[in-house]
Amino acid sequence: MNKILKIIFILILVLLIITLSFKLLMFNFNLYQKEFSKFNIYEKIPEADKHALNLINYMNDKENLNSFFNNKEKQHLQDVKNLYKNLVLVFYITLILSLILLIYFIYTKNLKIIYKSFLISSLIIFFLVLLFFFIDFNYLFEKFHVVVFDNDLWQLNPNEDNLINLFPEKIQYDITKKIFINVLISAFILIILALIMRFKIKQKTFK
């Protein structure tokens, strides 16, 4: 039973860390502003902040998309919104489940399972991050959209669609890279926690 719970706990931790990072950075206005300045978006779209805020508010059900986005983009962003809502749902589910399992392992005094799960989930995360940095982003980007969306609305044209000009591929790559770096930092924190726990357990064992 504990072995099965351990595997579940490891998978939940991986999902929790990844979805948390996406939730924090995927629609982060401060990050958008930095990216707009970095890649000179304000020169092409002076009201980039206004449209970015409109997009963020739309994703959070606070307002509708403005006329800056055409019908095709609005349909695609509806798909993105649905995806984002599912991601947030997975985050909260994994958060609750990880807390329940954590409390259970502490209550049953299976602390070794906790620190081993922390270590293994961190290794899985390191592997996933390495894949991201070693595989061509264009390939990953295309495959992701083909798998996730059941239409071709994501194939935008910079001559017709404002969304791709507001968030060109270089910004999408930069934001995704920051998300995975955030994931990597979280994995390092898990490793530190695991090592501290292991040290504490060994101290008690030798006393």
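The figures that follow rest on heavy atoms only: side chains count, while hydrogens, waters and symmetry mates do not.
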S.K.: When rounded to the nearest 0.5 angstrom, what distance separates CG in Leu190 from CG in Leu13?
M.R.: 6.0 Å
S.K.: Does any non-hydrogen side-chain atom of Gln75 lie less than 4.5 Å from one of Asn151?
M.R.: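 No. Closest side-chain heavy atoms not under 4.5 Å.
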S.K.: Using modelled atom types and a 3.5 Å cut-off, is there a donor and acceptor pairing between side-chain atoms of Asn28 and backbone atoms of Leu31?
M.R.: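 Yes; at least one donor-acceptor contact below 3.5 Å.
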S.K.: Looking at residues at least two apart in the chain, or sitting in another chain, which of them share a side chain to side chain contact (heavy atoms under 4.5 Å, CB included) with Ile125?
M.R.: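 Here the qualifying residues are Val14, Ile17, Val129, Val183, Ala187.
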S.K.: What heavy-atom pair brings Asn54 and Glu63 nearest, and what distance separates the two atoms?
M.R.: ND2-OE1, 2.8 Å
S.K.: Write down the atom of Lys38, the atom of Lys178, and the distance for their closest heavy-atom approach.
M.R.: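 Minimum heavy-atom separation between Lys38 and Lys178: NZ-NZ, 4.5 Å.
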S.K.: Between Met197 and Tyr115, what is the shortest heavy-atom contact and its length?
M.R.: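 What the structure gives for the nearest pair is CB-CB, 3.9 Å.
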S.K.: Which distance, rounded to the nearest 0.5 Å, do you find between the CG of Leu15 and the OG1 of Thr94?
M.R.: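 It is 6.0 Å, given to the nearest 0.5 Å.
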S.K.: For atom OH of Tyr92, decide whether the heavy atoms of other residues, nucleotides or ligands shown that lie under 6.0 angstrom number more than 12.
M.R.: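 Open.
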S.K.: Are the side chain of Lys72 and the backbone N or O of Leu156 linked by a donor-acceptor pair below 3.5 Å?
M.R.: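 No, Lys72 side chain to Leu156 backbone: no donor-acceptor pair under 3.5 Å.
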S.K.: Do Tyr42 and Asp49 have side-chain atoms, one donor and one acceptor, less than 3.5 Å apart?
M.R.: yes
S.K.: Quick check: closest heavy atoms across Ser98 and Ile12, and the distance to 0.1 Å?
M.R.: CB-CG2, 3.7 Å
S.K.: Evaluate the side-chain proximity of Asp61 to Lys85: yes if any heavy-atom separation is below 4.5 Å, no if none is.
M.R.: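 Side-chain contact under 4.5 Å: yes.
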S.K.: Test your reading of the model: is there a side-chain donor-acceptor pair from Asn110 to the backbone of Ile113, 3.5 Å cut-off?
M.R.: no
S.K.: Using links of under 4.5 Å between side-chain heavy atoms of ILVMFWY residues, direct or through other members, which residues join Leu130 in one cluster?
M.R.: Phe134
S.K.: Is there a side-chain contact between Ile124 and Leu128 (heavy atoms, below 4.5 Å)?
M.R.: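 Side chain of Ile124 against side chain of Leu128, heavy atoms only: contact under 4.5 Å found.
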S.K.: Side-chain heavy atoms under 4.5 angstrom apart, residues restricted to Ile, Leu, Val, Met, Phe, Trp, Tyr: same cluster for Phe118 and Ile192?
M.R.: no
S.K.: Roughly how far apart are Leu119 CG and Leu195 CG, rounded to 0.5 Å?
M.R.: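 The CG atom of Leu119 sits 6.0 Å away from the CG atom of Leu195.
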S.K.: Using side-chain heavy atoms (C-beta onward) and a distance below 4.5 Å, is Phe9 in contact with Phe105?
M.R.: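 In short, these two side chains touch, coming nearer than 4.5 Å.
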S.K.: Kindly give the heavy-atom pair with the smallest separation between Met26 and Tyr32, and that separation in Å.
M.R.: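 Heavy atoms only, the tightest pair is O-OH, 2.5 Å.
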S.K.: Are side-chain N/O atoms of Asn82 and Gln78 paired as donor and acceptor at under 3.5 Å?
M.R.: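 There is such a pair between these side chains.
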S.K.: Should Phe126 and Ile191 count as side-chain neighbours, where that means a heavy-atom distance under 4.5 Å?
M.R.: yes
S.K.: Indicate if Ile114 and Tyr107 have the same hydrophobic cluster label, given that clusters are the connected sets of ILVMFWY residues with side-chain heavy-atom separations under 4.5 angstrom.
M.R.: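 They do not share one cluster, since no chain of ILVMFWY contacts under 4.5 Å joins Ile114 to Tyr107.
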S.K.: If we only count heavy atoms from C-beta on, is the Leu83 to Leu87 side-chain gap below 4.5 Å?
M.R.: no
S.K.: Keeping Gln33 on the side-chain end and Asn30 on the backbone end, is there a donor-acceptor pair under 3.5 Å?
M.R.: no
S.K.: Quick one: pull up CZ in Arg198 and CD1 in Ile196 and give me the separation to the nearest 0.5 Å.
M.R.: 13.5 Å
S.K.: Are the charged groups of Asp174 and Lys34 less than 4.0 angstrom apart, N to O?
M.R.: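 Judged by the 4.0 Å cut-off on N to carboxylate O distance, Asp174 and Lys34 do not form a salt bridge.
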S.K.: Checking the side chain of Asn57 only, and the main-chain atoms of Asn64 only, is there a donor and an acceptor separated by less than 3.5 Å?
M.R.: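 Here the side-chain-to-backbone pair does not exist.
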S.K.: Should Asn162 and Asn70 count as side-chain neighbours, where that means a heavy-atom distance under 4.5 Å?
M.R.: no
S.K.: Would the Phe167 and Phe36 ring centres measure less than 6.0 Å apart?
M.R.: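 That pair passes the under 6.0 Å test.
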S.K.: Hey, which of Phe133, Phe39, Phe137 is the one that makes ring-ring contact (aromatic ring centres under 6.0 Å, His included) with Tyr173?
M.R.: Phe137
S.K.: I'd like to know if Leu131 and Tyr139 are part of one continuous hydrophobic network [Ile/Leu/Val/Met/Phe/Trp/Tyr, side-chain heavy atoms within less than 4.5 Å].
M.R.: yes
S.K.: Could you tell me if the side chain of Leu77 sits less than 4.5 Å from the side chain of Met59, heavy atoms only?
M.R.: yes
S.K.: Can you give the donor-acceptor pairs under 3.5 Å from side chains of residues 143-150 to other protein atoms, not counting sequence neighbours?
M.R.:
{"unit_1": "His145", "atom_1": "ND1", "unit_2": "Phe141", "atom_2": "O", "d": "2.7"}

S.K.: Just jot down the ring pair (Phe, Tyr, Trp, His ring centres under 6.0 Å) partners of Phe91, sequence neighbours excluded, or say none.
M.R.: none
S.K.: Please tell me whether Ile100 and Ile93 are part of a single hydrophobic cluster in this structure, the criterion being side-chain heavy atoms less than 4.5 Å apart.
M.R.: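 Cluster IDs for Ile100 and Ile93 differ.
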S.K.: Between Phe22 and Phe127, is there a shared hydrophobic cluster once you connect ILVMFWY residues whose side-chain heavy atoms come closer than 4.5 Å?
M.R.: yes
S.K.: With sequence neighbours left out, what residues match Ile45 under side chain to side chain contact (heavy atoms under 4.5 Å, CB included)?
M.R.: Ile41, Ala48, His51, Phe68, Asn165, Leu166
S.K.: Rounded to the nearest 0.5 Å, how far apart are CD1 of Ile175 and CD of Gln172?
M.R.: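 Separation between the atoms: 7.5 Å.
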S.K.: Output the distance between atom CG (Leu16) and atom OG (Ser21), rounded to the nearest 0.5 Å.
M.R.: 9.0 Å
S.K.: Would you name the heavy atoms of Lys74 and Asn66 that are closest together and state the gap between them?
M.R.: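 Heavy atoms of Lys74 and Asn66 come nearest at CE-O, 3.5 Å.
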S.K.: For Asn157, give me all partners under side chain to side chain contact (heavy atoms under 4.5 Å, CB included), at least two apart in sequence or on another chain.
M.R.: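 Per chain and number, Asn157 pairs via side chain to side chain contact (heavy atoms under 4.5 Å, CB included) with Asn159, Glu160, Asp161.
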